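Written out below as structure tokens is the structure these notes cover.
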Amino acid sequence: EDKVVQSPLSLVVHEGDTVTLNCSYEVTNFRSLLWYKQEKKAPTFLFMLTSSGIEKKSGRLSSILDKKELFSILNITATQTGDSAVYLCAVAGAGGTSYGKLTFGQGTILTVHP
Amino acid sequence: GAVVSQHPSRVICKSGTSVKIECRSLDFQATTMFWYRQFPKKSLMLMATSNEGSKATYEQGVEKDKFLINHASLTLSTLTVTSAHPEDSSFYICSAPTSGRVRYNEQFFGPGTRLTVL
């Protein structure tokens, strides 16, 4: 059974701090690892990672994948109150009945105080 | 980016009634859509894979007769919660992967439907 584990489950920081969110996985037929941000409603897409060691960046957010260690991190620098959300890590299967299916981790609840 | 819509966004119903939730891909065709449910402060749990032109594939532990899925066209999938009970109250979210596009396997989520069964 595919499994995705995120840590920490919750994190409270102050504006300007840098945070690192962790995601480890065990999945057959790995295709990609995705990060999502969820506020009040449905998740919004942040990154999709398929190759080891290649960092993806978007503003203050960045992410990297280690396919050998089955691990990914999401970094947020200079955090702002608007970064407060649940961050979800998901792994996508590949081929056959696994196609497109996402297995989600429990999520990390990030709270950024002013 | 691709857009997925859901309707209704919120529904409150009495126990025993059936509720239909629609999921539409607005600017792309989706032969496959996924239905998730999310309990408060919990992560998304995949319920079933909706396949256009064929039967849905349900995850272990999900009752097929309770959660009816119909993928009527390349842009529409519906989830019907039959004979709803209070324990079915949850946040239901659909998604569609945009395979064949540049961002292969990236999934776009609908805004979700909050179901409350009284």
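Throughout, a chain's letter reflects where its sequence line sits, starting with A, and its residues are numbered from 1. Just so we're clear, the structure is a prediction, and the values are computed from it rather than from any experiment.
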List in chain and number order the residues that pass ring pair (Phe, Tyr, Trp, His ring centres under 6.0 Å) with Phe47(A), two or more places apart in sequence or in another chain; answer none if no residue qualifies.
-> none
Greater than 12 external heavy atoms within 6.0 Å of Lys37(A)'s NZ = yes
Interface moiety of Gln6(A) toward chain B, non-hydrogen atoms closer than 4.5 Å | neither
Would Arg24(B) and Glu22(B) pass as an ion pair if we require N to O under 4.0 Å?
-> yes
Contacting region of Leu44(B) [heavy-atom separation from chain A under 4.5 Å] | both
Sort out for me which residue in Leu74(A), Ile73(A), Asn75(A), Leu88(A) forms a side chain to side chain contact (heavy atoms under 4.5 Å, CB included) with Leu21(A).
-> Leu74(A)
May I ask you to check whether Phe45(A) and Phe109(B) place their ring centers less than 6.0 Å from one another?
-> no
Which of residues 83-96 of chain B get closer than 4.5 angstrom to chain A, counting heavy atoms alone?
-> Phe91(B), Ile93(B)
Tell me, for Glu59(B) versus chain A, whether the close heavy atoms (under 4.5 Å) come from the side chain, the backbone, both or neither.
-> side chain
Distance, nearest 0.5 Å, that separates OH of Tyr36(A) from OG of Ser43(B) | 11.5 Å
Measure centre to centre between the rings of Tyr25(A) and Phe30(A), then say whether the value is under 6.0 Å.
-> yes
For atom NZ of Lys20(B), decide whether the heavy atoms of other residues, nucleotides or ligands shown that lie under 6.0 angstrom number more than 12.
-> no
Chain A contacts, top residue of Gln60(B), Lys42(B), Gln38(B) (heavy-atom pairs, under 4.5 Å) | Gln38(B)
